[in-house]
Amino acid sequence: MTQHFIVIGNPIAHSKSPEIHSLFGAQAGLDISYQRQYCPDDAASFTAVIEAFFHGGGVGANVTVPFKQVAYECCAARGGLSEHAKVAGAVNTLLLNPTLLTKGVSPAEALYGDNTDGQGLVNHTKRLDWSLQGARVAIIGAGGAARGVVLPLIEAGIGELTISNRTLSKATNLVNELSHASPAINDKQIQTCRTVDLSGEFDIIINATSIGLSGETLPLADQLNCHYAYDMMYGRELPFLQHFAARGAQVSDGYGMLIGQAALSFERWTGHVIDVVQATETLQAQ
Ligand code: ATR
């Protein structure tokens, strides 16, 4: 029997998720259908669409911009949240809580939220052979994308973490909030600074800002260096990566993170572990 999945967002036409998950389905030998689902940009519409999908037998859904926080609120009030979703304050993967279903709870009330974005990035750095153990890491940006990667990076064993942002108060607020949300984060002394003041030598610098969408470039100090530079954006020219590549760093865009988070969602829904290296090669060849 066909298993049904969707990715819900606004806009959604550009989403690569159907191609990625169709490939995963073929690799796992499963009969799946994975569709793009447009939704008007309001919480009531989101809830109605999601309820209808799961009521109709849907197995899992990915959530993308602008609904990740709405999905978080929805699951917090219903079937629950994973630790990663709780700390991220955002959900990118929806499923039904099986324990609640066996107790006779309706699908709408059993909605459960996970967040695989940050772990997708961590898994990609492993595939790149960039060691996170003990690494000195700097994240640039203090929005939702930055928030989602902090706990997975700490769980991966990084040594030191600095969060820099154009608006310093957002970085300090983020660290305060995250420290309250997770003992593992609270144990870490996270430094904050303005992006223009970020300087020194890091193992990895991660661009988690949305600047790539604007065509502007980040004001980076001349004394800022790293071995590895990672931009969570993909599919466009990334001046951040060009800057560090010119200084001899190894660089990567976020395409591998996209596939990595998708593979973890797929695993969550179906129990099948995806060969991400093979899937990436096939997708890049297409
Ligand atoms: P996302 O969910 O993608 O993280 P967001 O929550 O809107 O989006 O956060 C965007 C991040 O990119 C913020 O850290 C923002 O910096 P500010 O907090 O100072 O706004 C950063 N950002 C966006 N445009 C930027 C720019 N032109 N220069 C520097 N930082 C920028």
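Residue numbers start at 1 and run along the sequence shown.
- When the shell of 6.0 Å around CD of Q189 is examined, it contains 12 or fewer heavy atoms from other residues, nucleotides or ligands.
- Within the 4.5 Å cutoff, side-chain heavy atoms of L241 are placed close to those of D253.
- E73 places none of its side-chain heavy atoms less than 4.5 Å from the side chain of F46.
- Side-chain contact, D275 with Q27: no donor N or O sits under 3.5 Å from an acceptor N or O.
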Which atom pairs, one a donor and one an acceptor, fall under 3.5 Å between side chains of residues 98-105 and the rest of the protein, sequence neighbours left out?
unit_1	atom_1	unit_2	atom_2	d
T102	OG1	P98	O	3.4
T102	OG1	T99	O	2.7

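- Side chains of N62 and S17: no donor on one and acceptor on the other come within 3.5 Å.
- With a 4.5 Å cut-off on side-chain heavy atoms, H84 and L151 count as touching.
- The pair K188-E160 fails the salt-bridge criterion, with no side-chain N (NZ, NE, NH1 or NH2) lying under 4.0 Å from an Asp/Glu carboxylate O.
- S131 meets the side chain to side chain contact (heavy atoms under 4.5 Å, CB included) test with Q133; sequence neighbours excluded.
- Side chain of R36 to main chain of I6: no donor-acceptor pair is present (N/O by atom type, distance under 3.5 Å, no hydrogens or angles).
- Proximity of the aromatic rings of F24 and H21 is defined here by a centroid distance below 6.0 angstrom, and this criterion is met.
- Under 4.0 Å is where a charged nitrogen must lie from a carboxylate oxygen, and between R78 and E51 at least one such pair does.
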Worksheet entry | Trace of the side-chain hydrogen bond (donor to acceptor under 3.5 Å, both in side chains) decision for H124 with Q119 | CA-CA 8 Å; H124 187 208; Q119 195 58 41; over 6 Å; no
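- For the residue pair D114 / S82, a side-chain donor-acceptor distance below 3.5 Å is found, with atom types taken as modelled.
- Judged by distance alone, the side chains of Q35 and S33 do bring a donor and an acceptor atom under 3.5 Å apart.
- With values rounded to the nearest 0.5 angstrom, L238 atom CG is found 12.5 Å from T217 atom OG1.
- N176 and S179 form no side-chain donor-acceptor contact under 3.5 Å, judged by distance and modelled atom types alone.
- The two atoms that bring G141 and I163 nearest to each other are O-CG2, 3.6 Å, heavy atoms only.
- Every residue was checked against the side-chain hydrogen bond (donor to acceptor under 3.5 Å, both in side chains) condition with D129, not counting sequence neighbours, and none meets it.
- Pairing each heavy atom of Y230 with each of M257, the nearest pair is OH-CB, 3.1 Å.
- Within the 3.5 Å criterion, the main-chain N or O of V276 finds a donor-acceptor partner in the side chain of T280.
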